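To start, the structure under review is shown below, and the notes come after it.
Both ligands and their constituent atoms are indexed starting at 1 by order of listing. Here the structure is a predicted model, which means the values were calculated and not measured. We count residues from 1, following the sequence as given.
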Amino acid sequence: MSIALVILAAGKGTRMNSDLPKVLHEIAGAPMLVHAMKAGATLMPERTVVVAGHGIAAVTKAAKKYDADAIVVDQTEQNGTGHAVMVTRDALQGFAGDVIVLYGDTPFIQPETLERMVAARANNAVVVLGFQADPTEKYGRLIMHNDQLSEIVEFSDATDEQRDVTFCNSGVMLAKSDTLFDLLDATNNDNASGEYYLTDVVKVAQQKGLTTTAISCDASETMGVNSRAHLAEAEAAFQSRARATLLDDGVTLVDPSSVYLSLDTVIGRDSVIEPNVFFGPEVTIESGTRIRAFSHLEGAHVSRGGTVGPYARLRPGAELAEDVHIGNFVEIKNAIIDEGAKVNHLSYIGDASVGEKTNIGAGTITCNYDGVMKHKTIIGKNAFIGSNTMLVAPVTVGDDAMTASGSVVTKTVENGALAIARAQQVSKPGMARKLFEMLRAKKAKMAKGSK
Ligand code: UD1
Ligand code: CA
């Protein structure tokens, strides 16, 4: 059965106290919306429809960045979850398969859970995802009769007896597209909040003699984010799960709780991650690498056998080939560092390429920015860049070339050449001693005068 994904993301999220639409707040470096889209993507949806309202331009941008084919529908007035699904009707025109509804602010639904819902659909017209909650929580209650779901009652509309039910509605629902819209057409907004409730389709389905059921998942999956405090909890929950997965996958985390991962972080087996390492978005680390303490990586690729840090920063476009060494206080941005090259101390390498086995001395800087434009530095293989070389881009240093330390290199250095670009040293015999004597005498005179 083909699937369409509908993600509800129009709400303002007042309790976030933010100018940013709620679903764009990030967990593990990715908007919550993307977490939900990624979970749904495992069902290989034929169409993905995002219902947006507050901050629709920004929501559209984020949705399309993750999935260029996503359709964003405008729900200008948020008249409830039922209404939100109703506005997707045009976007789902001509789609005859099943629709699964997810919430953009419920980022942790697991693909396996969605698969179980799909399996339950074989015998039921409507499948709802529930979880066990504390009776004080104000979720909609799932009223079950044997394995049939007879009704979902919103907390505000529930009797005391119904409020004692702890099996609660996550909001995730699965039904055939035309069934869902027919059922929604039969709902009304005659309830405590004057909204169209998606949950009412269950009651209507039962009245029409359709079978409806609910399956259960762990409450950690249905955790919704409504405030910054929830966001912080969600981040912590994500991090502990992601760390545990890496450990299972054969990655050593010396101090797991101090390592921060992104939704898309990939780290190969037998890599060692030392304490206090931060992985921003789009980092891939191959097997057998070591990322030393206090390093910050983002948009970077580290190949097999590489070592990075301590205190290194890899920025977007840092591409490290096998066995590359990046040392302490080194920043790499938009640069290819070829096999076996070393940048061990206190350097900035940006908009550059560094050839195989080249050694970059301490304090080397690619001066890539002239205040208006960025320029490239190209360094060949087996070269030796002396300490404290300023490479004023655009500039090329050839294979097997050298630069003298302290050089300011502004012109091409040919293959095999040595570039010296600094003032000549002048030595004056005895001059230092004379200077010392003069200065000490001056100091003594001043001390006397102040008595
Ligand atoms: C909803 C469910 C409730 C369930 C709870 C789980 C209904 C009527 N109630 O309640 O049974 O226990 O979720 O968290 O469905 N949204 C829109 N447009 C709207 C209204 C909502 O896009 O017009 C989106 C929101 O942005 C949010 C989601 O739908 O992502 C849920 O809406 P919310 O108002 O939080 O629903 P609850 O009242 O919490
Ligand atoms: Ca909610």
Side-chain angles (χ1 to χ4, degrees), residues 5-16 18 20-25 31-33 35-37 39-40 49-56 59-60 63 72-88 91 100-109 126 128-143 149 151-158 162-163 165-173 175 180 183-184 187-204 214 216-217 219-227 230-231 234:
L5 196 61
V6 167
I7 301 182
L8 306 190
K12 183 160 190 276
T14 311
R15 283 200 283 152
M16 294 299 285
S18 176
L20 193 68
K22 175 158 83 170
V23 294
L24 297 189
H25 282 268
M32 276 191 262
L33 174 67
H35 286 255
M37 291 176 81
V49 184
V50 175
V51 180
H54 287 281
I56 188 167
V59 171
T60 303
V72 178
V73 171
D74 188 357
Q75 188 197 19
T76 315
E77 271 184 65
Q78 282 94 53
N79 294 326
T81 50
H83 179 251
V85 176
M86 286 181 203
V87 301
T88 68
I100 190 154
V101 180
L102 304 180
Y103 290 173
D105 61 356
T106 309
F108 296 146
I109 302 288
V126 178
V128 169
L129 181 63
F131 64 104
Q132 290 297 331
D134 190 274
T136 58
E137 300 268 15
K138 294 179 176 163
Y139 293 110
R141 294 331 200 222
L142 299 181
I143 312 299
L149 174 65
E151 191 181 1
I152 306 178
V153 187
E154 286 309 293
F155 183 84
S156 50
D157 301 306
Q162 287 168 330
R163 287 180 181 185
V165 173
T166 55
F167 192 31
C168 286
N169 178 29
S170 69
V172 182
M173 186 182 281
L180 184 61
L183 295 173
L184 278 169
T187 62
N188 59 46
N189 61 352
D190 186 11
N191 53 47
S193 44
E195 292 185 344
Y196 290 91
Y197 290 168
L198 175 61
T199 47
D200 280 352
V201 303
V202 170
K203 198 169 45 194
V204 179
S216 183
C217 73
S220 62
E221 293 185 40
T222 59
M223 170 178 196
V225 173
N226 296 310
S227 65
H230 289 161
L231 188 68

Discussion item. Quick check: L198 and ligand 1, any N/O pair under 3.5 Å apart?
Written reply: no
Item to complete: May I ask which of Q75, M223, H83 has a heavy atom nearer to atom 18 (N) of ligand 1 than the others do?
Response: Q75
Discussion item. Pairs of nitrogen or oxygen atoms closer than 3.5 Å, one from T81 and one from ligand 1: do any exist?
Written reply: yes
Fill in: Sub-3.5 Å N/O-N/O distance, A10 and ligand 1
yes
Item to complete: Taking only heavy atoms of Y139 into account, list the atoms of ligand 1 that are under 4.0 Å away from them.
Response: 6 (C), 12 (O), 14 (O)
Worksheet item: Do other residues, nucleotides or ligands put more than 12 heavy atoms under 6.0 Å from N188 CG?
Response: yes
Fill in: F167 and Q132, any side-chain heavy atoms less than 4.5 Å apart
yes
Fill in: Atom indices of ligand 1, in the order listed, that fall short of 4.0 Å to a heavy atom of A9
22 (O)
Discussion item. Name the residue from L198, V128, D157, I143 that meets the side-chain contact (heavy atoms from CB on, under 4.5 Å) definition with I152.
Written reply: V128
Worksheet, complete the sentence: Heavy-atom proximity to atom 31 (C) of ligand 1, picking from Y103, Y196, F155, Y197, points to Y103
Item to complete: Quick one: do S18 and H25 satisfy side-chain contact (heavy atoms from CB on, under 4.5 Å)? Show the steps, please.
Response: CA-CA 9 Å; S18 176; H25 282 268; 3.0 Å; yes
Worksheet item: Is any side-chain heavy atom of L129 less than 4.5 Å from a side-chain heavy atom of I109?
Response: yes
Item to complete: Give the contacting part of E154 toward ligand 1: side chain, backbone, both or neither, where contact means a heavy-atom distance below 4.0 Å.
Response: side chain
Fill in: Numbered atoms of ligand 1 (with element) below 4.0 Å of G140, judged on heavy atoms
3 (C), 4 (C), 11 (O), 12 (O)
Worksheet entry | Close-contact set for ligand 1 against Q78 heavy atoms, below 4.0 Å | 18 (N), 19 (C), 23 (O)
Item to complete: May I ask you to test the V201-M173 pair for a side-chain heavy-atom distance under 4.5 Å?
Response: yes
Item to complete: Measure the shortest side-chain to side-chain distance between L180 and V85 over non-hydrogen atoms and say whether it is less than 4.5 angstrom.
Response: yes
Fill in: Residue A84 vicinity, atoms of ligand 1 by number, heavy atom under 4.0 Å
17 (C), 18 (N), 22 (O)
Practice prompt. Could you establish whether G80 and ligand 1 come within less than 4.0 Å of each other, counting only heavy atoms on the residue side?
Written response: yes
Discussion item. Could you check whether E77 and H83, counting side-chain N and O atoms only, form a donor-acceptor pair closer than 3.5 Å?
Written reply: no
Item to complete: Report the C-alpha distance between V172 and I100 in whole Å, list the side-chain angles of each, state the deciding distance to 0.1 Å, and finish with yes or no for side-chain contact (heavy atoms from CB on, under 4.5 Å).
Response: CA-CA 7 Å; V172 182; I100 190 154; 4.1 Å; yes
Worksheet item: Looking at F155, does the NZ or CZ of R163 lie under 6.0 angstrom from its six-membered ring centre and within 45 degrees of the ring axis?
Response: yes
Worksheet item: Under 4.0 Å from ligand 1, counting heavy atoms only, is it the side chain of C168, its backbone, both or neither?
Response: neither
Item to complete: Of the side chain and backbone of N79, name the one, both, or neither that has a heavy atom under 4.0 Å from an atom of ligand 1.
Response: backbone
Fill in: Distance-only N or O hit between ligand 1 and I152, under 3.5 Å
no
